[in-house]
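Input: a single structure, listed below in structure tokens.
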Amino acid sequence: MNASSRPDDPKHAANSPGGEDPNPKSETAHRHFIRQAIDADLASGRFDSVRTRFPPEPNGYLHIGHAKSICLNFGLAQEFGGTCNLRFDDTNPTKEDTEYVDSIQEDVRWLGFEWNNLHFASDYFEQLYQWAEKLVLDGHAYVCDLTAEQTREYRGTLTEPGRESPGRSNSAEKNLDLLRRMKAGEFPDGAMTLRAKIDMASPNINMRDPVMYRIAHVPHHRTGDKWCIYPMYDWAHGQSDSLEKITFSICTLEFEHHRPLYDWYCDKLEIHHPRQIEFARLNITYTVMSKRKLLQLVQEKHVSGWDDPRMPTIVGLRRRGYTPESIRAFCADIGVAKFNSTIDVVRLENAVREHLNEVAPRRMAVLDPVKLTITNWDEHDSPVEMMSAVNNPGDESAGSRDIPFSGSLWIEREDFQEVAPSKFFRLKKGGAVRLRAGYIVDCHDVVKDDDGNITEILCTYDPQTKSGEDTSGRKVKGTIHWVSCEHATKVTVRNYDRLFAVENPDSVADGKSFLDHLNPDSLSTTTAYVEPELCNATVGDRVQFERLGYYVVDPDSNQGEMVFNRIVGLRDTWAKIANKGDKKGGNAKGKPKGGKKS
RNA sequence: UGCCCCGUGGUGUAAUUGGCAACACAGCUGGUUUUGGUCCAGCCAUUCUAGGUUCGAGUCCUAGCGGGGUAGCCA
């Protein structure tokens, strides 16, 4: 067993101080229906161990829905002391590409899993073909020369049985000859198919003589032009599972009525017979999950690429700043069932908040600055004083760092109101506030420009109130963040929000498209001032901007300019209070911070 | 329209397989706090409906209603 994401794995300990899984209880959690099925099959002796596989088609990037499947398949293998393979279901060369083969492997590893064996369905093409000849010889398959359109007509409908193809009565000898000539390339694309001979009247349409091979004179990304016939999913998937001695072939609900066919092939071939079990695929609010739609978003440039931080792809979540631990915790949290549900995106956001709250160092950054001047700072013995600030109040071992404090600071514009409601306990004229890791300041005046906009806030500081050495006994309701103007660094901040403005972008009125639901405010870019310590941050580092949210250093950063992506905002209770005040027609003018939706 | 699967709070998953409906998230109340963060406490359900079996039904049976899937030479 090589798959590893257990708490004692050093690979994860590195990302998670203390080496603990963020959601350890879930590992041994409730026995969902798949665990129960495994328990039963192990107990009855049907199988003696657990061997699973994750079988993506290399025709797109992995997304959070795949992560659910990955966590399930690799997780079950770990849990039961079994193995999990990575297998590419590469049976349709017209849609597949090695670009995806590479990215998928990278994503699985990034999530924290390592496969037992790496396989390709295309490695089994020869064996599959031998088996096909066997089925022909046994009278279980035949060559059909109906066109694609005719095949559809002959198949019947939901309510009417199908009709038998003329080729169905061919002799085994003739079928074998035809099959060999198909393979040899004697016929053009679409001229013939190999079909399983089952039952054209079956209520399950998958059993109405399904196609096993189609002709396609197309080079394959791994087998080149060796083959001009390619196996269909049903003909390749179960047999690949069987060859790998898979015991539990776990897939999504839409394959449920393929299961009789899966079983039929294994039975007729008399080969190792895995058990297929289906579960509900993942849906999440405010996003889309279909490969087709994700591809469209990329191709039509609604996003910057597959790794746009707003995409639900693994590469997108990675660039957004999500941790693999948080994605695994999310997948464990949402459970596994057959009910077709939609998970509230806040669950995903909570998962990353929960993890980052533990591990992300606190830093100060001002995104929408207004100047605060301390008018009695000249009474201080030096123009700059180094203040000590803890890196994580919840984790003493995270230590502390020094921040320069001076008489000229940037504070957040929304942290000041000239006239404020009583519930607003940030800074107001005539009021006092604590500067985080600094002093308490009292505001006595403001300076405005000709348009009445506040350009400068004038305060005095109280020398008795230095953080950690406060001898004043003063208590103030609010604490706000700041940076020293002279010492601050300018950076670019990309505040990301949900890609779609509605809960279910897939549900669209006539003539509309899911694109009509794109959130126009899903990205707002701003220039911010950050504390000097942040100059040491490197690409991929995650921090909490105090009172704002979690941010990650984007790969677009370079020597001259750093770029931070907002991973997720902090929970914002003030926004709720302010909104309530608004609804009551009250005077709470403070706006919720940072465009966060709730 | 045939066939298959699924219905438990606002959301998602549980219920020792017939025995006090639990956990998490959201929401609401309060407490702690030098982040309106974190943390802590409390509140929040006629198990889709109607019958039936049983001492006892979320669980079993019947019927209905609702949701999803399915008629590619895609996976």
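Remember, predicted model here, so these are calculated numbers, not experimental data. Lettering follows sequence order; numbering is per chain, from 1.
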Report task. Between A/T342 and A/F425, name the one whose nearest nucleotide on RNA chain B is closer to the 5' end. Result -> A/T342
Query raised in the report: How do A/F339 and A/H258 order along RNA chain B: which one's closest nucleotide is nearer the 5' end?
Result: A/F339
Query raised in the report: Does A/N340 have a side-chain nitrogen or oxygen under 4.0 Å from the phosphate oxygens OP1 or OP2 of B/G69?
Result: no
Report task. Using only heavy-atom distances, decide whether a donor-acceptor pair under 3.5 angstrom links the side-chain of A/E256 to the base of B/U70. Result -> no
Query raised in the report: So what does A/E546 touch, heavy atoms closer than 4.0 Å: a base, only the sugar-phosphate, or nothing?
Result: base
Report task. Report yes or no: is the cationic atom of A/K183 (NZ for Lys, CZ for Arg) closer than 6.0 Å to the six-membered ring centre of A/Y129, at no more than 45° off its axis? Result -> yes
Query raised in the report: With a 4.0 Å cut-off on heavy atoms, is A/G162 in touch with a base, just the backbone sugar-phosphate, or nothing at all?
Result: nothing
Requested in this report: Name the nucleic acid region contacted by A/R155, choosing base, sugar-phosphate or nothing; use a 4.0 angstrom heavy-atom cut-off, strictly under.
Outcome: sugar-phosphate
**Report entry** A/R195 charged N/C atom sitting above A/Y142 aromatic ring, 6.0 Å / 45°
**Finding:** no
Query raised in the report: Between A/F564 and A/Y551, is the gap from one ring center to the other below 6.0 Å?
Result: no
Report task. Identify whether any heavy atom of A/V476 sits under 4.0 Å from a base atom; if not, whether one sits that close to sugar-phosphate; answer base, sugar-phosphate or nothing. Result -> nothing
Requested in this report: Quick one: label A/S341 by what it contacts on the DNA or RNA (base, sugar-phosphate, nothing), any heavy atom closer than 4.0 Å.
Outcome: sugar-phosphate
